[in-house]
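Encoded as structure tokens, the structure appears first; notes follow it.
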Amino acid sequence: MNRELELYVPVNEQNHDPRVACVLVMDVSYSMSGAPITALSDGYKVFIDEIQNDPLARKRAEVSVVTFGTSAHVVIPFQEAQRLQPTEFETDGSTDMAGGINLALDQLEERKSQYRAQHLEYFRPWLFLMTDGAPNHEGFEEALRRLNQAEAEKRVEVFAVGVGENVNWDVLKRVSKERGPLKLNGLAFAEMFQWLSASLSSVSESVNFGYDDSSHREPGEQIALPPVGWGTLQ
């Protein structure tokens, strides 16, 4: 097991509700310094406030945060949304997106195995990736193939967001085969996180869950996500 997985919060056995796991994969490379990283931290606080105000989502949604700069790290291990606390993100080095993707997928598979061990039903997990540049080449193609396969096998829902004017859109368009990437309007992180909270709330209110990956229905059959006002499709 990846040593980062040693940082975790056990599944709350007293909560028998189905879970929707969402891992936020955030670019914190040096190019995010200044106003962008401050807006990201402020937006994440908005996300916490919003999701904790939803009585159902706050106990059904479980959130983890993985950041990637020179390397990838689990900043916040999976835990119920009601336990989340604000954090100040810090910039660090280059853009190890491959490490971020791999660590996020490791986190998701480990959490799902914990759900199954506790006989808990779960929704199809979300992987929400945000970047303002281009990834390091090392390991990226392998990580991308792994992510695309997980998405094709309906083991994860993948969302990609680009920030600023230096995004490599050709690369970001390959992150998901199911949906195109979105370009964030300016530094509208707060609006983005409000949308994410509302979307997870919609998922948590649906009946799109089961005891394993194969039991999930297509999300379009049950879940209508809020309109995106904070970004434009690329």
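It should be emphasised that the depicted structure is a prediction, and the values quoted were computed from it without experimental measurement.
Using a cutoff of 4.0 Å between basic side-chain nitrogens and carboxylate oxygens, Lys177 and Glu151 are not scored as salt-bridged. Using a 4.0 Å cut-off between charged side-chain N and carboxylate O, Arg83 and Glu80 make no salt bridge.
Using a 30° and 60° split on the angle between ring planes, Phe209 and Phe123 fall in the perpendicular class, above 60°.
Glu191 pairs by the side chain to side chain donor-acceptor pair (under 3.5 Å) definition with nothing, not counting sequence neighbours. Evaluation of the ring pair (Phe, Tyr, Trp, His ring centres under 6.0 Å) rule for Phe193 yields Phe47 as partners, not counting sequence neighbours. Remark: Phe140 pairs with no residue by the ring pair (Phe, Tyr, Trp, His ring centres under 6.0 Å) rule, at least two apart or across chains. Partners of Arg146 under the salt bridge (Lys or Arg N to Asp or Glu O under 4.0 Å) rule, at least two apart in sequence or in another chain, are Asp106.
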Open item on the list: Show, in sequence, the C-alpha distance, side-chain angles and deciding distance for Ser71 and Asp96, and conclude whether the side chain to side chain donor-acceptor pair (under 3.5 Å) test is met.
Closed with: CA-CA 5 Å; Ser71 57; Asp96 182 21; 5.8 Å; no
Open item on the list: I'd like to know whether Asp213 forms a salt bridge (Lys or Arg N to Asp or Glu O under 4.0 Å) with Lys154, so could you lay out the CA-CA distance, the side-chain angles of the two residues, the decisive distance to 0.1 Å, and finally the verdict.
Closed with: CA-CA 7 Å; Asp213 294 333; Lys154 308 301 183 185; over 6 Å; no
Task: Test log, rule side chain to side chain donor-acceptor pair (under 3.5 Å), inputs Ser206 and Asn208 - done: CA-CA 6 Å; Ser206 77; Asn208 188 25; 5.2 Å; no
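Separation of atoms CD (Gln82) and CG (Asn53) is listed at 12.5 Å; rounding is to 0.5 Å. Rounded to the nearest 0.5 angstrom, Glu90 CD and Thr67 OG1 are separated by 9.5 Å. Between the CD1 atom in Ile48 and the OG atom in Ser197 there is a gap of 10.5 Å [rounded to 0.5 Å]. For the atom pair Cys22 SG and Glu157 CD, the distance stands at 11.0 Å (nearest 0.5 Å). Between atom CZ of residue Arg19 and atom CZ of residue Arg60 there is a gap of 9.5 Å, rounded to the nearest 0.5 Å. The line from OG1 of Thr131 to CE of Met26 is 11.0 Å long, rounded to the nearest 0.5 Å.
A side-chain hydrogen bond (donor to acceptor under 3.5 Å, both in side chains) check over residues 34-47, counting only residues at least two apart or in different chains, returns the pairs Lys45-Asp49.
Under 3.5 Å, the side chains of Gln114 and Tyr122 contain no donor-acceptor pair of N or O atoms. Ser94 and Ser29 share no side-chain donor-acceptor pair at under 3.5 Å.
Side chain of Asn168 to backbone of Pro135: no donor-acceptor contact under 3.5 angstrom is found.
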Validation: residues 224-234 side-chain donor-acceptor distances under 3.5 Å, sequence neighbours left out:
| residue | atom | partner | partner atom | Å |
| --- | --- | --- | --- | --- |
| Thr232 | OG1 | Gln234 | NE2 | 3.3 |
| Gln234 | NE2 | Thr232 | O | 3.3 |

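Within the 4.5 Å cutoff, side-chain heavy atoms of Met32 are placed close to those of Met130.
Shown here for Leu129 and Met97, the closest heavy-atom pair between the two residues is CD1-CG, 4.0 Å. The two atoms that bring Thr70 and Gly93 nearest to each other are OG1-CA, 3.1 Å, heavy atoms only.
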